[in-house]
Amino acid sequence: MGIIIQPFGEAVFGNFLKEILRGDHGKYESFKAAVAFVKKSGVQHVISEIEYFLDKEANCKWVIGIDQYGTTIEGLTSLLEVVGDRGEIFIHHDENEYVTFHPKLYLFESQDSALLIVGSGNLTQGGLYTNDEGFAIRRLDLSAEVDNKIYQELSLAFEAWCNISLETVHKLDSDFLKLLIEADYIRSEKQTIQSSKSELESFGEDEFGDKTKEKNVLFGQDKKRRRSSSQPGAAKGKKAVETEPITEEQENLGFVMTLMRTDVGTGQTTAGTSRRSPEIFIPLKARNANQDFWDWPNKFSEDPKRKGKFDRPGVKMRLGGDIITVNMMTWPVKHDFRLRSESLRSAGEIGDIIRIEKTDGTRGYKYYVEIVPQATNDYEYYYSLCINKTRNSKKLWGYY
């Protein structure tokens with residue numbers, strides 16, 4: 001077992017990685033790496049060594065995260081060029097905001113042995129050379145039971161991270177790289193440097209104040225991922241109750257959405273202006289993403305006085321201990337789907353989450369509704385389900 005502590009130790013990780021790729025620490029036939037971030041500033045240091053390694057009829061496999069714009073366009077482009085068709089690169093990303101792909105594992109393999117490096121450094125200049133980083137190095141004798149068990153567990157982990165049948169995994173090629181750029185999953189290194197805190201989303205802005213381009217979602221969520229202790233029903237100081245994984249039959253029974261200024265309060269109060277109607281605004285994209293949840297369009301009727309306007313009046317919902325009546329409607333020129341109810345509009349505040357769960361209707365109401373306030377135990381969990389953005393708005397929404 002060895003360690004590297006940089007930048008104060010005798011060795012730095014970047015030089016050690018280059019030495020292994022050159023064969024200075026033994027002959028290896030394949031190389032696997034899982035890192036959170038890749039930048040050109042890091043790739044440029046090891047391009048020659050990766051080419052040398054692959055020229056020896058070896059192969060490589062990379063799994064890379066793209067969270068928080070830590071991976072750049074130039075980084076992936078450079079790595080894709082040097083790897084070519086002699087290796088594989090996979091992108092791993094979960095649309096759950098509270099999940100980050102964050103490992104830093106480097107594994108060199110031969111028939112009888114392996115070299116494992118577990119540390120804190122990414123494939124960036126900081127991770128390789130200048131950051132304060134730490135790494136543990138272990139040589140594995142695959143004929144030894146303990147070492148072989150470690151190797152098998154690592155192999156299973158890489159197999160899972162590279163499983164393209166999952167919504168969280170995509171194989172990288174030039175076409176998918178273009179999709180990542182177009183959908184704003186990765187940015188140039190210049191853009192990431194110039195980014196400021198003003199780009200971060202904040203609550204309280206007007207519904208139509210943000211002109212951010214709507215994001216084309218390329219990934220999904222791992223629904224079998226273990227929840228944190230802040231899952232619904234978990235109280236402080238108490239152990240969270242284990243829950244069964246969500247099955248296909250259980251999916252899409254609930255809808256969550258952040259409330260914006262247009263969804264709460266009384267709206268217009270300026271003298272001479274009309275009071276805003278008591279409505280909550282749901283994006284059409286959200287309605288269309290799960291039409292069965294809203295019984296659209298089967299239970300809606302066209303307004304005889306306004307072509308293209310459809311209504312579903314008198315929908316019973318339970319809010320707290322009361323059963324309220326809500327009118328659902330969609331407008332021909334407003335490009336949204338609305339829930340009209342004074343009780344719903346008055347229940348929340350900006351930044352709260354409205355949670356709507358569909359029922360079988362046997363208890364006298366078709367939907368159960370609750371407002372999840374900020375700073376409550378359940379807020380973080382339900383916010384993590386709001387994975388979809390809305391055009392020209394900071395509003396987030398999702399189904400579960």
Side-chain angles (χ1 to χ4, degrees), residues 67-68 94-100 197 200-207 210 221-246 250-267 278-283 286 289-290 293-294 316-324 326 338-339 341-359 363 365-390 393-400:
D67 299 290
Q68 304 163 11
D94 195 306
E95 290 293 342
N96 186 329
E97 183 178 354
Y98 293 95
V99 174
T100 300
K197 292 183 179 179
L200 298 176
E201 293 184 345
S202 60
F203 285 123
E205 295 294 329
D206 190 281
E207 171 87 15
D210 180 13
Q221 286 191 28
D222 183 355
K223 296 182 174 65
K224 295 183 179 180
R225 185 178 296 275
R226 183 181 300 156
R227 292 181 181 176
S228 70
S229 59
S230 62
Q231 62 181 300
K236 293 182 178 180
K238 296 183 179 180
K239 184 177 181 180
V241 177
E242 291 291 332
T243 57
E244 292 297 321
I246 297 174
Q250 293 172 305
E251 288 182 8
N252 297 335
L253 293 178
F255 172 77
V256 284
M257 183 182 75
T258 56
L259 296 176
M260 308 306 294
R261 183 173 296 167
T262 49
D263 303 306
V264 302
T266 58
E279 296 166 348
I280 287 180
F281 297 78
I282 296 174
N290 192 346
F293 182 85
W294 307 103
K316 299 297 182 181
M317 297 187 179
R318 177 172 173 174
L319 177 64
D322 299 323
I323 295 179
I324 62 175
V326 178
R338 304 185 183 187
L339 306 181
S341 165
E342 184 64 56
S343 297
L344 285 182
R345 187 174 177 85
S346 302
E349 298 180 358
I350 295 172
D352 290 348
I353 292 173
I354 184 170
R355 180 172 81 91
I356 305 175
E357 199 163 287
K358 192 173 184 179
T359 75
R363 293 181 176 270
Y365 52 90
K366 190 63 178 177
Y367 297 90
Y368 170 78
V369 184
E370 73 169 334
I371 302 298
V372 185
Q374 299 178 75
T376 58
N377 285 345
D378 292 349
Y379 185 85
E380 179 180 330
Y381 170 67
Y382 286 117
Y383 185 80
S384 74
L385 301 179
C386 298
I387 62 173
N388 301 293
K389 292 187 176 182
T390 304
S393 172
K394 290 184 172 66
K395 176 172 288 186
L396 304 171
W397 57 271
Y399 288 93
Y400 64 93

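Values below: all heavy atoms of this structure, side chains included; hydrogens, waters and symmetry mates excluded.
Ring geometry, Phe255 versus Phe293: the interplanar angle falls from 30° to 60°, so the pair is classed tilted. In this structure, Tyr399 and Trp397 have perpendicular ring planes: the angle between them is above 60°, well past the 30° mark.
Scanning both residues, Asp352 and Gln374, for their nearest heavy atoms gives OD1-N, 3.3 Å. Annotation for Ile323 and Arg363: closest pair CD1-O, 4.4 Å, computed over non-hydrogen atoms. The nearest pair of heavy atoms linking Ile324 to Ser341 is CD1-OG, 3.7 Å. Of all non-hydrogen atoms in Val264 and Gly348, the two that sit nearest each other are CG1-O, 3.5 Å. Nearest heavy-atom pair, Ser343 versus Leu319, reported as atom, atom and distance to 0.1 Å: O-CD2, 3.7 Å. Listed here is the closest heavy atom pair of Arg261 and Arg345: O-NH2, 4.0 Å.
You'll find the side chain of Lys358 stays beyond 4.5 Å of the side chain of Leu253, heavy atoms only. Annotation: side chain of Ile354 is not in contact with side chain of Val256 (no heavy-atom distance under 4.5 Å). Contact annotation: the side chain of Leu344 approaches that of Val369 to within less than 4.5 Å [non-hydrogen atoms, C-beta and beyond]. No side-chain heavy atom of Lys394 sits less than 4.5 Å from a side-chain heavy atom of Leu396.
Atoms CD1 and OH, from Ile356 and Tyr368 in turn, are 12.0 Å apart once rounded to the nearest 0.5 Å. Distance CD/Glu370 to CZ/Arg318: 11.0 Å, rounded to 0.5 Å. To the nearest 0.5 Å, atoms CD1 (Ile282) and CE (Met257) are separated by 5.0 Å. For the atom pair CG of Leu339 and OH of Tyr367, the computed distance is 9.0 Å after rounding to the nearest 0.5 Å. Note that CG of Leu385 and CG of Asn96 are 7.0 Å apart. Values are rounded to the nearest 0.5 Å.
Using a cutoff of 4.0 Å between basic side-chain nitrogens and carboxylate oxygens, Asp263 and Lys395 are scored as salt-bridged.
Within the 3.5 Å criterion, the main-chain N or O of Thr390 finds no donor-acceptor partner in the side chain of Ser393.
Just one residue in the list Ile350, Ile371, Val372, Ile353 forms a side-chain contact (heavy atoms from CB on, under 4.5 Å) with Leu259, and that residue is Ile371.
Aromatic rings of Tyr381 and Tyr400 (six-membered ring for Trp) have centroids beyond the 6.0 Å cut-off, not under it.
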Subject >> Steps toward side chain to side chain contact (heavy atoms under 4.5 Å, CB included) verdict (Gln68, Thr100) >> reply: CA-CA 9 Å; Gln68 304 163 11; Thr100 300; 3.6 Å; yes
